[in-house]
Amino acid sequence: MAKILAIESSCDETAVAIVDDGKLLANVVATQIAVHEKFGGVMPEIASRLHAENITVVLQQALDESGVSLEDIDAFAVTRGPGLIGCLHVGLQAAKTLAMLYDRPLIPVHHLAGHIYANEYIGELKFPLLCVVVSGGNTELVYMKGHMDFKIIGRTQDDAVGECFDKVARVLGLPYPGGLPIDQHAKKGRHTYNLPHPYVSGGKYDVSYSGLKTAVINLVHNLKMKGESVNVDDMARSFEDVAIGMIVDKALAAAKDYQVAQVVLAGGVSANSYLREQMKSKLEGTGIDLVLPPLWCTTDNAAMIAKVGEHLYERKYFAGLDLGVDPNWKIDEQLTLLD
Ligand code: KG4
């Protein structure tokens, strides 16, 4: 194996990690959440600028923590997409510069492949596998027959589930990002509000979140117009039951139809306690193994990019220095980039 230095900058976390033969030597993350909080969402231009300011500091910290010098690194892995274009550019330029200066390979990594492979820090992936990818920008069911073999079998037809949590939180007056506050309020609430279970006309395992989001926003506005107060705990409970229930139902159906050996959760929303509970209880006794990522893996970091980097290093999946970012890169194109 090898020493890999990985860089992640696709959204609002600037991160650098170093792995040596599978062992994580450094995992430094500089989060910008406090800056974006006041806007109620990530401001792309500010995010790119902060990445540019932070990247060298985070890099130096990772080198100091690991005790490794740049000359010792065998390859530089970097998130090439999906994400915010300006943010991705900062990470890619940094990785390209290092690859050029030290004459080492450059490994392009898909951000969601990173979230999936973060699970390797806690256990072995068992194939065939279904990954429930739930984040602020993506909601996908990914089927994997083997390593690095990704097939999207279900997806959101509109908003990502995390985006829906954030918008609902905003209308309820909760802080950004809204996933955790909703999760916490839902624990204290009862399912008293009648919210629609979205009808999804697409593929069998597709989901849809924009109708649910609009229904909550309209209901809250109507109650306020009538001078009635909104019970935040009950609204959070009612919303979470529908939002999480939908993805759990589709994931279970896909897991059974595809006869998978393992279900893995990935992405920011995989921190949701109700999603974890539901997946655990519904998969119990089915013979399907469930992997719940540790909470540090659910937020963006470069350790997960390094894990994918290791697999791609073994395959000698190296890009030229003319590589560009792709804000809309699809996970099933991870291995076809260099064909
Ligand atoms: O993976 P991530 O950083 O997003 C992208 O890279 O796209 O995930 C962030 C998302 C946010 O929408 C946040 O509200 C949500 O994950 N999130 C949660 C929880 N913790 C974070 N959603 C539901 N329940 C949680 N406990």
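Start at 1 and go down the list; that is how both ligands and their atoms are numbered.
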Atom 9 (C) of ligand 1: which protein heavy atom is closest, and how many Å away? G136 N, 3.8 Å
Does any N or O atom in P177 lie less than 3.5 angstrom from one in ligand 1, N or O only? no
State whether the shortest distance between N or O atoms of S273 and N or O atoms of ligand 1 falls below 3.5 angstrom. no
Hey, which atoms in ligand 1 end up nearer than 4.0 Å to a heavy atom of G162? 12 (O)
Where's the contact between V269 and ligand 1, heavy-atom distance under 4.0 Å: side chain, backbone, both or neither? both
Would one find an N or O of G179, backbone or side chain, under 3.5 Å from an N or O of ligand 1? yes
Which option out of L112, D300, V133 puts a heavy atom nearest to atom 6 (O) of ligand 1? D300
Could you tell me the residue and atom name of the protein heavy atom closest to atom 24 (N) of ligand 1, and the distance to it rounded to 0.1 Å? N272 ND2, 3.0 Å
Please round to the nearest 0.5 Å and tell me the distance separating atom CD1 of I7 and atom CD of Q93. 10.5 Å
Decide whether E240 and H185 meet the rule of one side-chain donor and one side-chain acceptor closer than 3.5 Å. no
the protein heavy atom lying closest to atom 26 (N) of ligand 1 turns out to be D183 OD2, 3.0 Å
Mind checking whether A271 has a heavy atom under 4.0 Å from ligand 1? yes
For residues S210 and D159, is any side-chain donor paired with an opposing acceptor at under 3.5 Å? no
When you compare ligand 1 with E13, is there at least one nitrogen or oxygen pair between them that comes in under 3.5 angstrom? no
OH on Y143 to CD1 on I153, rounded to 0.5 Å: 8.5 Å
With a cutoff of 4.0 Å, is D166 in contact with ligand 1, counting heavy atoms of the residue only? yes
R190 atom CZ, over 12 foreign heavy atoms within 6.0 Å: no
Would you say G268 and ligand 1 have an N/O pair spaced under 3.5 Å apart? yes
re atom 7 (O) of ligand 1, the protein heavy-atom contact at minimum distance is G137 N, 2.9 Å
For K187, enumerate each residue passing the side chain to side chain contact (heavy atoms under 4.5 Å, CB included) test, keeping only those at least two apart in sequence or located in another chain. D183, S273
Hydrogens and angles aside, do H147 and Y117 bring a side-chain donor and acceptor to less than 3.5 Å of each other? yes
Give me the ring orientation class for F165 and F239: parallel if the planes are under 30° apart, tilted from 30 to 60°, perpendicular past 60°. perpendicular
So for ligand 1, is N138 a polar contact partner (N or O within less than 3.5 Å, distance only)? no
E240 near ligand 1 by a heavy-atom separation under 4.0 Å: no
Return the NZ to CG distance between K330 and L112, rounded to the nearest 0.5 Å. 10.5 Å
Cluster partners of L50, using ILVMFWY side-chain heavy atoms under 4.5 angstrom, listed by chain and number? V35, F39, M43, I46
Y313 and F318: ring pair (Phe, Tyr, Trp, His ring centres under 6.0 Å), yes or no, with the steps? CA-CA 7 Å; Y313 183 82; F318 305 145; 5.8 Å; yes
Quick check on contacts: which atoms of ligand 1 are under 4.0 angstrom from a heavy atom of H111? 6 (O)
Go through ligand 1 atom by atom and flag the ones less than 4.0 Å from a non-hydrogen atom of G178. 14 (O)
